[in-house]
Enquirer: 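Have a look at the structure that comes next, please.
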Amino acid sequence: MIRCERPDQARAWCAAGRDEGRTIGFVPTMGALHEGHLALVARARAENDLVVASVFVNPLQFGERDDFERYPRDFEGDARSLASVGCDLAFTGTLADFFPAEVGADGRFEPRALRAPGPAARGLEGDLRPGHFAGVATIVARLFEIVRPTRSYFGHKDYQQTLVVAELARELGYPEVVVCPTLRDPDGLAMSSRNRRLSADDRPRALVLSRALRAARDLWQRGERDPARLAERMREVAGDRGVELEYAALRDPERWTPGEPRGPLERAVALVAARVGPVRLIDNLRLDGPEGLS
Ligand code: PAF
């Protein structure tokens, strides 16, 4: 696998691949890779001639209460993992490398250069993390411009992000956005780079997220279609278990709304966010879908 410390090197390599008529599958990451990321790379490997991954902890998408400084970083380990699943090229860079025209001599990013995300950025994560999706849209648009992928792969765990990225791709006219299932530990905890920061005491507490989702799915399977009742059930399950629940919410997966839809719902995705000790976790589950969560 080729490793590039500068995005410009990756840009040239990708351009040469495209000139030869090769398709490119792209997996953008912030590193601290786990099996969920590697499954995205494996899927990209199966569906494209070339596979490219980026590893960049993007400061533009972190807010004041977020954990930019403490976000796990391990480029060496990440590069080894990417190579083991058939990635052809991994690249990284600094903020100034990615945005040479937008970062001033003081190292600060020019806020006016942030990209406005589409309507899917409103509500839930968008409300609780102001500016987060602008930061995501800005870096993802730049990464797409560097790689110009045929397809790009994202995990379902970051559900609202997948909608924001799909809107961005529609606006740009490329790439095809492929959303892959959430991978979970055997006890149901959704894989996340942030799980590494859970203490031994907090790790079991983090299971309230998947338990709340499972409870909503059970109620759905018993015929409940009222989003308010489904959300209330999630709050009952997640409440008072030593975690700070930020939201337990329902949305129609085919029609994103900033607030809770009125219902009754024909299709539903249940979404939760909670702080478990110092770590903020999110998870979601299609209630009408086949995805298992035992
Ligand atoms: O999902 C992530 O890891 C990040 O939000 C992404 C898409 C790599 C952009 O920084």
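Start at 1 and go down the list; that is how both ligands and their atoms are numbered. By convention here, the first residue in the shown sequence is residue 1.
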Enquirer: Could you tell me the residue and atom name of the protein heavy atom closest to atom 9 (C) of ligand 1, and the distance to it rounded to 0.1 Å?
Expert: Gln61 OE1, 3.3 Å
Enquirer: Hey, can you pull the donor-acceptor pairs under 3.5 Å for the side chains in residues 112-127, sequence neighbours left out?
Expert:
from   : atom 1 : to     : atom 2 : distance (Å)
Arg112 : NE     : Glu110 : OE2    : 3.2
Arg115 : NH2    : Glu171 : OE2    : 2.9
Glu125 : OE1    : Arg280 : NH1    : 2.9
Glu125 : OE1    : Arg280 : NH2    : 3.4
Glu125 : OE2    : Tyr247 : OH     : 2.4
Glu125 : OE2    : Arg280 : NH2    : 2.9
Asp127 : OD1    : Gly123 : N      : 3.4

Enquirer: Could you list which atoms of ligand 1 come closer than 4.0 Å to a heavy atom of Met30?
Expert: 3 (O), 4 (C), 8 (C), 10 (O)
Enquirer: To which protein heavy atom is atom 7 (C) of ligand 1 closest, and what is the distance rounded to 0.1 Å?
Expert: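 For this ligand atom, the closest protein heavy atom is Gln161 NE2, 3.6 Å.
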Enquirer: Can you give the donor-acceptor pairs under 3.5 Å from side chains of residues 19-29 to other protein atoms, not counting sequence neighbours?
Expert:
from  : atom 1 : to    : atom 2 : distance (Å)
Glu20 : OE1    : Arg22 : NH2    : 3.4
Thr23 : OG1    : Asp49 : N      : 2.9
Thr23 : OG1    : Asp49 : OD2    : 3.3
Thr29 : OG1    : Gly31 : N      : 3.0
Thr29 : OG1    : Ser54 : O      : 2.7

Enquirer: Near Ile139, which atoms of ligand 1 are under 4.0 Å from a heavy atom of that residue?
Expert: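 Those qualifying, in numeric order: 9 (C), 10 (O).
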Enquirer: Using 30° and 60° as the class boundaries, would you call the ring planes of Tyr71 and Phe62 parallel, tilted or perpendicular?
Expert: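 Tyr71 vs Phe62 ring planes: perpendicular.
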Enquirer: Once you measure the plane-to-plane angle for Phe56 and Phe98, does it fall in the parallel (<30°), tilted (30-60°) or perpendicular (>60°) bin?
Expert: tilted
Enquirer: Atoms of ligand 1 less than 4.0 Å from Thr29 heavy atoms?
Expert: 8 (C)
Enquirer: What I want to find out is whether Glu232 reaches Arg229 closely enough, with some N-O distance under 4.0 Å, to be called a salt bridge.
Expert: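 Arg229 and Glu232: not salt-bridged.
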